K.L.:
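Before I ask anything, let me first share the structure, which is written out below as structure tokens.
Here the structure is a predicted model, which means the values were calculated and not measured.
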Amino acid sequence: MGILSGPDLRSNLTQWGPQALARMDQQSTGPRMLGWNVKPEDLHQIPEHWFKYPEPDPLQNYMLGLLYVLFTFVSLFGNGLVIWIFSTAKSLRTPSNFFVVNLAICDFGMMLKTPIMIYNSFNLGFESGAYWCRIFALVGSFTGIGQACTNAAIAYDRYNAIARPFDGKMSAGKAFMVLLIIWLYVTPWAILPYIEKWNRFVPEGYLTTCTFDYLSPTKETQFFVLTMFTVCYVIPMSLVVFFYSRIVGHVFSHEKALREQAKKMNVESLRSGQDPNAQSAEVRIAKAAITICFLFIASWTPYAVVALIGAFGDQNLLTPGITMLPACTCKLVACLDPYVYAISHPRYRLELSKRMPCFGINESPPAETASTTTETTNSANTPSS
């Protein structure tokens with residue numbers, strides 16, 4: 001893997017190149033470079049690429065730290081509510097909602113590691129050291145890849161609920177099996193870099209966050225990045241896009257058939273008791289599907305692009321500031337997920353209004369007289385069938 005160790009630090013630094021040595025001397029002769037305050041025993045953990053950049057303005061680190069404090073509060077609060085209510089409310093303990101809880105656990109866990117980044121930001125660099133860097137990246141790998149796979153599972157479940165309402169219902173055993181497959185799928189890609197059997201976890205950007213190494217100029221690194229891109233990005237995203245596009249297509253076809261039948265019967269609509277001012281099912285389903293796909297792409301595409309550029313492209317494009325953006329987009333999505341996947345659920349809002357009346361949510365119990373068609377259509381906008 002090229003990780004250097006041994007008693008002769010300066011000899012090790014020489015093997016890494018002139019940037020690492022120059023970094024130690026510029027403290028007294030010029031502007032401080034990125035990594036100037038890294039402990040000597042941790043220098044070998046940092047890709048040489050970062051040593052050529054000047055130290056960022058401390059204000060940028062402080063602003064990122066404060067932003068992460070905000071992200072942490074919003075995400076832990078929102079996802080904590082989802083985990084609590086979906087796990088304790090009998091009406092919400094359905095097999096389909098196991099996936100919603102799993103997604104909330106991933107988002108919640110992702111934000112539990114942010115104190116490491118916040119601590120580093122307010123100490124202007126790699127202050128927590130190599131051990132906590134690896135813990136940060138390990139938790140991020142489990143929860144981030146788990147997020148992607150759970151999104152795919154939710155898309156699959158919703159597709160079955162809409163396209164196959166009678167024989168596609170999720171059972172508890174099947175849901176647990178899907179969750180087991182998800183975590184078995186995720187584990188190797190988190191563990192292998194952690195134990196440094198394939199790739200390793202290293203600091204990036206302002207040296208306040210950590211991820212897998214995509215900068216080392218080796219064929220091994222390139223192969224790992226390409227494998228991660230395929231397994232953890234292309235496959236889950238393809239499943240999400242496929243299932244939601246099928247849902248949209250199915251609902252559009254269904255609505256078209258209903259309108260044609262209503263026209264033959266010379267009636268305005270086949271739906272009983274439907275608000276005439278309500279949005280059409282096509283618009284509601286299209287908005288939900290587009291939002292879900294957009295959040296997934298917004299969360300993972302920046303990481304994928306940065307990693308591919310680092311492994312195969314011009315690394316000069318990857319400045320410290322640019323590489324901090326993917327971490328921010330991922331945390332932002334972890335904040336939004338509980339509202340997109342759960343707040344839109346009427347039974348969740350009903351439970352929330354009962355348990356947290358201070359929120360001022362006035363949700364009425366769902367009507368029992370709604371038509372089967374309406375129930376089936378609305379299930380596409382909720383995390384469960």
K.L.:
Are side-chain heavy atoms of Phe51 and Leu34 found at a separation under 4.5 Å?
P.N.:
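SC-SC contact between Phe51 and Leu34 ruled out.
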
K.L.:
Which is it for Tyr68 and Ser121 under the side-chain contact (heavy atoms from CB on, under 4.5 Å) test, yes or no, and what are the steps along the way?
P.N.:
CA-CA 10 Å; Tyr68 267 61; Ser121 294; over 6 Å; no

K.L.:
Which pair of non-hydrogen atoms, one from His44 and one from Arg200, has the smallest distance, and what is that distance?
P.N.:
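Distance-wise, the nearest heavy atoms are O-NH1, 3.4 Å.
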
K.L.:
Do Thr301 and Tyr233 get their side chains close enough for a donor-acceptor pair, meaning under 3.5 Å?
P.N.:
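There is such a pair between these side chains.
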
K.L.:
Step by step, work out the side-chain contact (heavy atoms from CB on, under 4.5 Å) result for Val306 and Tyr214.
P.N.:
CA-CA 9 Å; Val306 166; Tyr214 52 80; 3.5 Å; yes

K.L.:
Closer than 3.5 angstrom, by distance alone: can the side chain of Thr150 be matched with the main-chain N or O of Leu103 as a donor-acceptor pair?
P.N.:
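Pair absent, no side-chain N/O of Thr150 close to backbone of Leu103.
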
K.L.:
Report whether Leu112 and Leu336 are members of the same hydrophobic cluster (ILVMFWY, side-chain heavy atoms less than 4.5 Å apart, transitive linking).
P.N.:
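Same cluster: Leu112 reaches Leu336 through Ile, Leu, Val, Met, Phe, Trp or Tyr contacts under 4.5 Å.
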
K.L.:
First locate atom OG1 of Thr211, then atom CE of Met228, and finally report the distance between them rounded to the nearest 0.5 Å.
P.N.:
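Interatomic distance, Thr211 OG1 to Met228 CE, rounded to 0.5 Å: 7.0 Å.
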
K.L.:
Which heavy atom in Ile297 sits nearest to a heavy atom in Pro302, and how many Å separate them?
P.N.:
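For Ile297 versus Pro302, the nearest heavy atoms are O-CD, 3.8 Å.
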
K.L.:
Report yes or no: do Ile191 and Ile135 belong to one cluster of Ile/Leu/Val/Met/Phe/Trp/Tyr joined by side chain heavy-atom distances under 4.5 Å?
P.N.:
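Yes; tracing contacts between hydrophobic side chains, which count when under 4.5 Å, links both residues.
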
K.L.:
Using only atom types and a distance under 3.5 Å, with no angle test, would you say the side chain of Ser299 pairs donor to acceptor with the backbone of Leu295?
P.N.:
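Side chain of Ser299 to backbone of Leu295, a donor-acceptor pair under 3.5 Å: no, none is there.
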
K.L.:
In the single-linkage hydrophobic clustering (I, L, V, M, F, W, Y; side-chain heavy atoms under 4.5 Å), do Val234 and Val186 co-cluster?
P.N.:
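Cluster IDs for Val234 and Val186 match.
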
K.L.:
Classify the ring geometry of Trp50 against Tyr53: parallel below 30°, tilted from 30° to 60°, perpendicular beyond 60°.
P.N.:
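Tilted.
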
K.L.:
Please find the pair of heavy atoms, one from Cys133 and one from Pro203, that lie closest to each other, and give the distance.
P.N.:
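Looking at all heavy atoms of both residues, the shortest contact is SG-N, 3.9 Å.
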
K.L.:
Between the main-chain N or O of Leu226 and the side-chain N or O of Thr230, is there a donor-acceptor pair closer than 3.5 Å?
P.N.:
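Flag set: sc Thr230 to bb Leu226 pair under 3.5 Å.
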
K.L.:
Drop me the distance from Cys106's SG to Trp183's CH2, to the nearest 0.5 angstrom.
P.N.:
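The SG atom of Cys106 sits 3.5 Å away from the CH2 atom of Trp183.
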
K.L.:
I want to check something: taking the side chain as every heavy atom from C-beta on, are Phe77 and Leu81 in contact at a cut-off of under 4.5 Å?
P.N.:
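When only atoms from C-beta onward are counted, Leu81 and Phe77 do touch, with a gap below 4.5 Å.
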
K.L.:
Would you indicate whether the side-chain heavy atoms of Val225 and Leu308 approach each other to under 4.5 Å?
P.N.:
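The answer is yes, as the side chains (C-beta and beyond) meet within the 4.5 Å cut-off.
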
K.L.:
Cluster question for you: counting only ILVMFWY and a side-chain heavy-atom cut-off of under 4.5 Å, with indirect links fine, are Val178 and Phe176 together?
P.N.:
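Yes, because Val178 and Phe176 connect within a single hydrophobic cluster, where side-chain heavy atoms sit under 4.5 Å apart.
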
K.L.:
Taking the side chain as every heavy atom from C-beta outward, state whether Gln60 and Tyr206 have any pair of such atoms under 4.5 Å apart.
P.N.:
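When only atoms from C-beta onward are counted, Tyr206 and Gln60 do touch, with a gap below 4.5 Å.
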
K.L.:
Would you say Asn97's side chain and Leu92's backbone share a donor-acceptor pair under 3.5 angstrom?
P.N.:
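Yes; judged by distance alone, with no hydrogens or angles, the pair exists.
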
K.L.:
Under the side-chain contact (heavy atoms from CB on, under 4.5 Å) rule, what do Asn79 and Met111 come out as? Steps first, then yes or no, please.
P.N.:
CA-CA 10 Å; Asn79 287 294; Met111 302 310 292; 5.7 Å; no

K.L.:
What's the separation between atom CD in Glu127 and atom CG in Asn37, rounded to the nearest 0.5 Å?
P.N.:
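Between atom CD of Glu127 and atom CG of Asn37 there are 7.0 Å.
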
K.L.:
Do side-chain atoms of Thr187 reach the backbone of Leu184 as a donor and acceptor pair under 3.5 angstrom?
P.N.:
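No: the side chain of Thr187 does not pair with the backbone of Leu184.
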
K.L.:
Answer yes or no: is there a side-chain heavy-atom contact under 4.5 Å between Gln315 and Ile309?
P.N.:
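Sidechains of Ile309 and Gln315: no contact.
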
K.L.:
For the pair His49 (side chain) and Leu318 (backbone), establish whether a donor and an acceptor sit closer than 3.5 Å, ignoring hydrogens and angles.
P.N.:
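Judged by distance alone, yes, a pair lies under 3.5 Å.
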
K.L.:
Do Val305 and Phe229 touch side chain to side chain, with heavy atoms closer than 4.5 Å?
P.N.:
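The answer is no; the side chains never approach within 4.5 Å.
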
K.L.:
For the CZ atom on Phe223, are there more than 12 heavy atoms of other groups (residues, nucleotides or ligands in this structure) within a distance under 6.0 Å?
P.N.:
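Not buried by this count: 12 neighbours or fewer within 6.0 Å.
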
K.L.:
For Asn102 and Phe98, run side-chain contact (heavy atoms from CB on, under 4.5 Å): C-alpha distance rounded to whole Å, both residues' side-chain angles, the deciding distance at 0.1 Å, then the answer.
P.N.:
CA-CA 6 Å; Asn102 197 63; Phe98 293 168; over 6 Å; no

K.L.:
Shortest non-hydrogen contact from Leu215 to Gly310?
P.N.:
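Nearest pair, atom of Leu215 first, then Gly310: CD2-CA, 4.0 Å.
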
K.L.:
Just do the side chain to side chain donor-acceptor pair (under 3.5 Å) check on Asp157 and Ser96 with the steps written out, would you?
P.N.:
CA-CA 7 Å; Asp157 176 61; Ser96 293; 3.0 Å; yes

K.L.:
With no hydrogens and no angle check, is any side-chain donor or acceptor of Ser75 less than 3.5 Å from a backbone partner on Thr72?
P.N.:
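Flag not set: sc Ser75 to bb Thr72 has no pair under 3.5 Å.
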
K.L.:
Are the side chain of Asp213 and the backbone of Asn199 linked by a donor-acceptor contact shorter than 3.5 Å?
P.N.:
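No; judged by distance alone, with no hydrogens or angles, the pair does not exist.
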
K.L.:
What are the two closest non-hydrogen atoms of Cys328 and Phe71, and how far apart are they?
P.N.:
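Nearest pair, atom of Cys328 first, then Phe71: O-CE1, 3.7 Å.
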
K.L.:
With a cut-off of 6.0 Å (strictly less than), are more than 12 heavy atoms of other residues, nucleotides or ligands near CH2 of Trp132?
P.N.:
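Atom CH2 in Trp132 is not packed in, count stays at 12 or less.
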
K.L.:
Quick one, Ser91 and Glu351 - any side-chain contact, counting heavy atoms below 4.5 Å?
P.N.:
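Heavy-atom side-chain distance check passes, below 4.5 Å.
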
K.L.:
What do you reckon, are the aromatic ring centroids of Phe224 and Trp198 less than 6.0 Å apart?
P.N.:
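Aromatic pair counts; centres sit under 6.0 Å.
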
K.L.:
How many angstroms lie between atom NZ of Lys113 and atom CD1 of Ile118, to the nearest 0.5 angstrom?
P.N.:
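So the NZ of Lys113 and the CD1 of Ile118 are separated by 10.5 Å.
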
K.L.:
Cation-pi between Arg134 and Tyr194: NZ/CZ under 6.0 Å from ring centre and within 45° of the ring axis?
P.N.:
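Yes, Arg134 and Tyr194 form such a contact.
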
K.L.:
Which value, rounded to the nearest 0.5 Å, describes the distance between Asp42 atom CG and Leu207 atom CG?
P.N.:
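If we round to the nearest 0.5 Å, Asp42:CG and Leu207:CG are 11.0 Å apart.
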
K.L.:
Under 3.5 Å, is there a donor-acceptor pair between the side chain of Asn120 and the main chain of Phe126?
P.N.:
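Not at all, since once roles are kept as given, no pair shorter than 3.5 Å links the two residues.
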
K.L.:
Between Ser87 and Trp84, is there a donor-acceptor pair closer than 3.5 Å when you use the side chain of the first and the backbone of the second?
P.N.:
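No; zero donor-acceptor contacts below 3.5 Å.
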
K.L.:
Which heavy atom in Ala152 sits nearest to a heavy atom in Pro236, and how many Å separate them?
P.N.:
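Looks like CB-O, 4.1 Å.
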
K.L.:
Any non-hydrogen side-chain atom of Gln45 less than 4.5 Å from a side-chain atom of Lys39?
P.N.:
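No, side chains not in contact.
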
K.L.:
Applying the 4.5 Å side-chain criterion to the ILVMFWY set and letting contacts propagate, would Phe212 and Tyr131 be lumped into a single cluster?
P.N.:
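Yes, one cluster joins them.
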
K.L.:
To the nearest 0.5 Å, what is the distance between CG (Asn151) and CZ (Phe243)?
P.N.:
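Nearest 0.5 Å value for the CG-CZ distance: 13.0 Å.
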
